[in-house]
Enquirer: 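Submitted below is the structure of interest, expressed as structure tokens.
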Amino acid sequence: MERSQTPVPPRAEESDPALPLAGRTAALLFLGALLALGYLVLRDFIVPLVWAGILTYVSWPLYRWLHHPVGLRTNLSALLMTLLIAILIVLPLLFGGALLADEFADAYQNVREWLGSGSPQLPEALLHIPWLGERLQELLERVVAEPEVIRSWLAEDAGQWLQRVREILGAIGRNAFKLGIALLALFFFLRDGERLVAQMRSVLQRWLGRGAQEYWRSMADTTRGVVF
């Protein structure tokens with residue numbers, strides 16, 4: 001008795017080789033568009049994020065010590081490390097700013113008393129400069145004799161000075177905001193650093209194959225050398 005043969009369905013036509021290429025091209029274009037849009041959104045935060053990465057790299061051994069030997073939870077270890085770095089950065093800035101303000105106040109008071117002394121003299125080091133010392137002394141005597149000169153000069157340049165002050169205050173505010181962004185990113189980099197590194201290695205492995213480990217080691221050595 002002959003064995004019944006199951007009818008074999010007709011072979012599907014081979015897919016057009018242009019379709020996978022078109023799909024890959026569309027995926028690359030979509031990825032490029034996402035990267036471009038991501039850059040437009042994050043371009044003002046790139047520098048703070050880079051600083052957060054550098055601070056994470058530098059403080060990682062201490063964070064690991066807090067997380068494993070001490071046994072603190074991940075969130076608590078990252079929070080303590082972020083607060084410690086914030087204190088190490090902010091306190092010197094506050095101390096330096098207060099010290100600079102005191103120095104400016106003392107300098108202003110000293111100059112005011114010096115000009116009000118009647119016949120102020122330039123320091124010997126400036127007075128003995130050829131040609132320049134004499135001119136500066138004449139200018140100083142003129143300012144003391146005719147205070148309207150300095151007042152008119154200040155009045156003429158008041159707008160420019162105010163503009164400079166606004167620019168300085170704006171730069172201080174922008175840098176303070178960027179510092180806050182960097183510290184916020186530092187917390188998340190510390191907390192999720194191991195997963196982030198694992199994902200980066202996975203991406204390198206997928207793109208570079210067996211040589212990914214060597215590239216990763218070279219990149220880590222280069223980063224360590226640049227940071228230190």
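All of these numbers come straight from a predicted model, not from anything done at the bench. Only heavy atoms go into these numbers, but all of them, side chains included; no hydrogens, no water, no symmetry mates.
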Enquirer: Rest of the hydrophobic cluster containing Leu34 (Ile/Leu/Val/Met/Phe/Trp/Tyr, side-chain heavy atoms under 4.5 Å)?
Expert: Phe30
Enquirer: Evaluate the criterion side-chain contact (heavy atoms from CB on, under 4.5 Å) for residue pair Leu136 and Ile129; output intermediate values, then yes/no.
Expert: CA-CA 10 Å; Leu136 290 177; Ile129 297 177; over 6 Å; no
Enquirer: Ring centroid separation for Trp60 and Tyr63, is it under 6.0 angstrom?
Expert: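 Yes; Tyr63 has its ring centre under 6.0 Å from that of Trp60.
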Enquirer: Out of curiosity, Leu169 CG to Arg174 CZ, how far, rounded to the nearest 0.5 Å?
Expert: 10.5 Å
Enquirer: Looking at every non-hydrogen atom in both residues, tell me the closest pair between Ala52 and Ala182 and how far apart they are.
Expert: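 Ala52 and Ala182 have their closest heavy atoms at CB-O, 3.4 Å.
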Enquirer: Hey, are the side chains of Phe177 and Phe45 touching, using non-hydrogen atoms and a 4.5 Å cut-off?
Expert: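 Yes; the side chains approach each other to less than 4.5 Å.
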Enquirer: The test is side-chain contact (heavy atoms from CB on, under 4.5 Å); show your working for Leu80 and Leu76 and say whether it passes.
Expert: CA-CA 6 Å; Leu80 289 177; Leu76 183 57; 4.2 Å; yes
Enquirer: Enter the distance from Leu83:CG to Ile87:CD1 here, rounded to the nearest 0.5 Å.
Expert: 6.5 Å
Enquirer: Which residue pairs satisfy the side chain to side chain donor-acceptor pair (under 3.5 Å) criterion with at least one member in residues 35-50, sequence neighbours excluded?
Expert: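 Passing the test, one end in residues 35-50: no pairs.
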Enquirer: Do you reckon Phe187 sits in the same ILVMFWY cluster as Val90, going by side-chain contacts under 4.5 Å, direct or chained?
Expert: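 Shared cluster, no.
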Enquirer: Between OG1 of Thr74 and CZ of Arg195, what distance do you get to the nearest 0.5 Å?
Expert: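 The CZ atom of Arg195 is 8.5 Å from OG1 of Thr74, to the nearest 0.5 Å.
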Enquirer: Drop me the distance from Leu99's CG to Phe95's CZ, to the nearest 0.5 angstrom.
Expert: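 It comes to 5.0 Å.
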Enquirer: Would Leu55 and Ile89 count as a side-chain contact (heavy atoms from CB on, under 4.5 Å) if you check the C-alpha gap in whole Å, the side-chain angles of each, and the deciding distance to 0.1 Å?
Expert: CA-CA 11 Å; Leu55 293 174; Ile89 293 176; 4.2 Å; yes
Enquirer: Does the side chain of Leu37 come within less than 4.5 Å of Val41's, by heavy atoms?
Expert: no
Enquirer: Are Leu183 and Leu94 co-members of a hydrophobic cluster defined by side-chain heavy atoms under 4.5 Å apart?
Expert: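 Yes; tracing contacts between hydrophobic side chains, which count when under 4.5 Å, links both residues.
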Enquirer: One pair to check against side-chain contact (heavy atoms from CB on, under 4.5 Å): Met81 and Leu66. What are the steps and the verdict?
Expert: CA-CA 8 Å; Met81 198 68 241; Leu66 288 174; 4.3 Å; yes
Enquirer: Is any side-chain heavy atom of Ile85 closer than 4.5 Å to a side-chain heavy atom of Val58?
Expert: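 Side chain of Ile85 against side chain of Val58, heavy atoms only: no contact under 4.5 Å found.
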Enquirer: Hydrophobic cluster membership, with links at side-chain heavy-atom distances under 4.5 Å among I/L/V/M/F/W/Y: are Leu49 and Leu184 in one?
Expert: no
Enquirer: Between Ala78 and Thr82, what is the shortest heavy-atom contact and its length?
Expert: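 Distance-wise, the nearest heavy atoms are O-OG1, 2.7 Å.
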Enquirer: Okay, side chain of Ser202, backbone of Ala198: is any donor-acceptor separation there less than 3.5 Å?
Expert: no
Enquirer: Hey, what do you get for CG (Leu186) to CG (Leu79), rounding to the nearest 0.5 Å?
Expert: 10.5 Å
Enquirer: Would you give the length of the straight line joining atom OG1 of Thr56 to atom CH2 of Trp51, rounded to the nearest 0.5 angstrom?
Expert: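 CH2 of Trp51 is found 12.5 Å from OG1 of Thr56.
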Enquirer: Any salt bridge (Lys or Arg N to Asp or Glu O under 4.0 Å) pairs touching residues 161-173, not counting sequence neighbours?
Expert: none
Enquirer: Is there a path of hydrophobic side-chain contacts, each under 4.5 Å between heavy atoms of I, L, V, M, F, W or Y residues, that connects Leu62 with Leu190?
Expert: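 Linked within one cluster.
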